[in-house]
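Report on the following structure.
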Amino acid sequence: MQEDKPIVMIVDDDPSMRSSLQRLLLASGIDNITFQSAQEFLSASLPDCPCCLLLDIRMPGMDGMELQSELVKIGRDLPIVFITGHGDVPMSVQAMRAGAVNFLQKPFERRKLLDAIYESFEIDRNQRLARTRLKELQERASGLTPRELEIFAFVVSGALNKQIAYELGIQEGTVKVHRRQVMEKMKAKSLAELVKIAATLGVEARHVE
Amino acid sequence: MTLANDPLESPMPRATSITMPLAESLLHSNLGFIFIFDINGRLLRWNENLGMLLEKLGFKEGVTVSSLLSLGSSKDLQTEIFSKGTILIEAPWPGGGQDGPERIVAWVLHHILDTKLCIGLGFEEPRRHRVETKLERRLKYQNLVSDLSVRFVNFTAGDFDLEIKKGLEQVGEFFELERCTFAEVHREGKSYKALHSWVKSPLFTPLSQGSHQFMPMLMGRIKGGEPYRFSRREEIPGNWIHEKRFVQTQGIQAGLMVPLRVGGSFLGAFLIDFFTKEYEWPDEMVKELRFVGVIFANAIARRRADEELAGSEKRLRMITNALPLLIAYVGGDRRYRFNNKAYEQWYGIPAEQVHGKTMSEVLGTEVYARCKPYVDEALSGVPVNYRLEIKLGPDNENRFIEARYLPHVSPGGQVLGFYSLVQDVTDWKNVEMELQRQRDELAHVTRVATLGEMSASMVHELNQPLAAILNNAQAAEIFLERDPPDLKEAKEALKDIVSDDLRAGEVIRRLRAYVVKGDVKSEPIQINELVNDVLALVRNDANLHKLKISTELASTLPEVQGDPVQLQQVLINLILNGGQAMNVMPSKGQLVISTSLMNKDEIKVSVTDSGPGIDEEFAERIFDAFFTTKGEGLGMGLSICRSIVNAHGGRIWMESRAEGGSIFSFSLPIRERGANARR
């Protein structure tokens with residue numbers, strides 16, 4: 001998989017905070033884009049590379065937490081590092097529950113900032129990988145016939161061919177053929193791997209009676 | 001006998017030849033007085049008229065022409081008669097004119113033909129006599145009137161008694177009275193008292209001063225203005241019991257009472273009595289006495305007015321002296337024309353000596369120099385109020401005075417002077433200052449408390465530049481560690497550090513200015529600038545609370561005067577209150593801060609929220625101390641707002657909006673140009 005250079009997206013209404021963060025990140029060799037409001041961020045088209053959001057929790061208009069929930073709503077799964085002030089603990093807890101990665105209380109050291117950013121990049125990288133794999137599996141699964149999908153669901157529940165054949169009222173041999181097809185199409189080398197794939201794809205196992 | 005019919009036309013009777021027979025027959029006629037006398041002037045025979053007169057006068061036998069005619073000697077007279085034949089003599093009424101000064105007899109003395117005897121014919125010469133004496137008398141009367149007038153015009157209150165006495169004497173002598181009493185009447189005749197009583201001679205008793213015989217009928221009779229007279233006692237009506245008794249005990253034969261009235265008021269009366277005779281009061285005399293009476297009455301009226309004036313001035317003086325204020329009237333020449341006793345205590349100058357002195361002499365040049373601008377203003381016709389701190393009294397204590405000058409303007413618009421009221425307000429001032437100190441203390445405490453409410457916003461305000469500084473510093477570090485060091489970028493970072501540091505400093509300065517417990521200032525304030533400063537303080541807090549604050553500021557507003565920090569506090573309180581009010585609303589609203597010119601003297605600052613509004617029942621109490629509808633807080637916020645605004649000479653109030661929410665407004669007086677602090 002091709003690995004692009006990660007980017008930090010900074011959203012802060014305070015111009016001097018924005019420019020100082022930009023400068024520090026650039027000095028640290030981290031690419032970044034700045035936005036002066038949540039709205040501006042939402043309306044921008046974002047690069048397809050590992051990234052994270054460095055977000056001021058307090059802003060006029062839409063604030064950091066509102067942006068977070070908006071992103072969840074539209075399915076943009078992005079690691080967020082919140083920049084918080086003193087006394088924002090209750091909000092931080094709420095943000096954490098909503099999936100924030102980290103918090104930096106102003107003023108903060110560069111090391112902490114970079115750690116948080118790298119951690120976020122790692123998360124994003126993993127998420128991106130997971131997303132890529134899921135996409136691949138979904139593509140594989142889309143090659144399955146309905147009967148094969150049915151057999152797939154029984155197989156991952158650990159049912160024997162005989163049981164499946166009985167359940168579906170077909171020949172055991174036919175089940176065996178389908179099973180081989182599923183394993184091939186899903187590129188699963190073992191039953192254990194197939195179970196993992198089913199879990200990733202969210203295929204629900206069907207148990208025989 | 002052909003004496004002139006008109007004495008003015010033919011003053012001299014024509015001489016005729018009288019023979020003895022004619023003389024004899026004349027003796028039998030009763031025309032005038034006729035007598036025959038011998039060469040020695042002794043009267044030999046006379047007619048009946050003369051006989052009666054002689055009897056009345058008590059002349060005995062041997063009466064002579066010279067005694068009858070009141071002449072010195074008869075010798076020259078005889079010679080003259082015999083040489084001229086006829087002479088004419090005017091002489092007073094025989095007996096010395098006791099029957100009245102007006103009566104004069106013209107005597108014609110004639111030599112009887114062919115005898116050594118003479119005949120005398122005497123006729124009263126009324127017409128000729130009256131005209132002449134009348135003219136003379138008129139003149140004398142006019143002199144009397146002018147004398148009395150002058151006397152009573154010039155008298156001062158103290159001379160009144162003496163002048164009345166002298167005037168009465170003049171009247172008595174002029175009218176040849178026996179007793180003339182001047183009585184002052186009170187309560188329209190219900191009471192009276194004799195002020196002076198003149199008598200012609202010590203034989204008569206003056207009516208004792210202050211006596212007030214009860215004479216109801218008489219007073220009732222004359223109070224309307226008409227005199228009452230009786231020529232003899234019998235004329236007094238029978239039911240005038242008190243009057244009759246008075247006349248009897250006094251031995252009065254004839255009386256005249258002339259009421260003295262001025263301007264419809266019955267002020268006094270002349271009581272004129274004759275003891276020796278009954279008397280027919282001539283109308284002319286009554287008329288003249290009434291006229292003289294008017295002069296006397298005016299004198300009383302004047303004295304009463306003077307007394308009243310003196311009384312009212314005395315009362316005024318007593319009142320003004322009792323007041324712990326300096327009260328004075330200062331003329332256009334800046335000299336004291338009136339002053340109360342307080343000046344004595346204040347300036348150590350006897351109160352009566354202040355009168356006529358200039359302000360600068362009394363106040364001292366130093367104090368006067370400070371008062372002078374206000375004096376100038378008062379003398380230009382403008383009422384002035386001012387306060388001043390001066391050194392006063394023996395200890396040269398610092399005292400606060402409050403002065404008020406009210407110009408005295410003539411109907412023509414000319415400023416004649418001004419009334420000055422000056423009060424020592426040191427004690428009040430001290431109380432006021434203590435109150436002010438407590439209020440400032442409280443304002444400070446509540447300000448610090450407000451700060452707590454805003455602390456999150458404050459920390460954010462400070463954290464922001466601090467965080468940016470740290471970022472830039474760390475970036476600079478990296479740039480400098482590079483090989484070669486990236487000096488350009490490092491410099492950029494440092495530049496930003498400087499500006500952020502300044503920004504942090506500004507935040508701290510603003511906070512410090514707001515919280516610091518310094519002296520309360522009084523300086524010119526542009527209210528719009530103040531609003532913007534406040535917005536800078538609360539904006540972050542507002543952001544945090546999702547509060548939209550907008551402003552509607554009048555473009556040009558005059559300055560107000562006061563303490564900027566305290567006024568900021570008022571506005572912050574109102575904004576925080578409004579914000580909290582709206583916090584309870586599901587959809588958060590907008591706070592509008594507006595400034596406007598309310599009228600020509602005041603500007604208005606309003607904070608309008610769209611919260612739930614305030615219950616009518618609380619509206620009255622909302623500015624009271626310890627009143628709160630909030631769960632937290634002391635309830636001091638609006639109370640301290642009110643006391644701050646009041647101390648600035650303005651007021652604060654709350655209105656409910658029809659569409660929900662409230663408007664809190666306060667007014668502030670526009671700063672007078674060049675004015676001193678109001679506080």
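Computation of the quantities below employed the complete heavy-atom set of this structure, encompassing side-chain atoms and omitting hydrogens, waters and symmetry-equivalent molecules.
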*Kindly indicate, with the supporting measurements, whether the criterion side chain to side chain contact (heavy atoms under 4.5 Å, CB included) is fulfilled by A/Leu114 and B/Gln474.*
CA-CA 12 Å; A/Leu114 296 187; B/Gln474 292 173 118; over 6 Å; no
_Derivation of the side chain to side chain contact (heavy atoms under 4.5 Å, CB included) call for B/Asp496 and A/Ser19_ = CA-CA 9 Å; B/Asp496 282 2; A/Ser19 65; 3.9 Å; yes
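Open room surrounds CD on A/Glu204; 12 or fewer heavy atoms of other groups in view lie less than 6.0 Å from it. Sparse packing is recorded around OH of A/Tyr166, with 12 or fewer heavy atoms of other residues, nucleotides or ligands lying under 6.0 Å away.
Of the possible polar contacts, none joining the A/Arg110 side chain to the B/Ile478 backbone as a donor-acceptor pair under 3.5 Å is found.
B/Asn471 and A/Arg23 share no side-chain donor-acceptor pair at under 3.5 Å.
Contact of B/Leu470 with chain A is made through the side chain alone, with heavy-atom distances under 4.5 Å. Heavy atoms of A/Gln22 lying under 4.5 Å from chain B are absent altogether. Interface remark: B/Asp500 contributes side-chain atoms only to the contact with chain A (heavy atom separation under 4.5 Å).
When all heavy atoms of A/Leu24 and B/Ala475 are compared, the closest pair comes out as CD1-N, 3.3 Å. Taking each heavy atom of A/Pro107 and B/Ala467 in turn, the nearest pair found is CB-CA, 3.5 Å.
Top candidate by heavy-atom pairs under 4.5 Å with chain B, chosen from A/Asp63, A/Asp12, A/Leu26, A/Leu25, is A/Asp63. Ranking B/Glu489, B/Glu477, B/Arg503 against chain A, the residue ahead of the rest is B/Arg503, based on heavy-atom pairs under 4.5 Å.
Distance check, rounded to the nearest 0.5 Å: CG of B/Asn463 to OG1 of A/Thr84 gives 9.0 Å.
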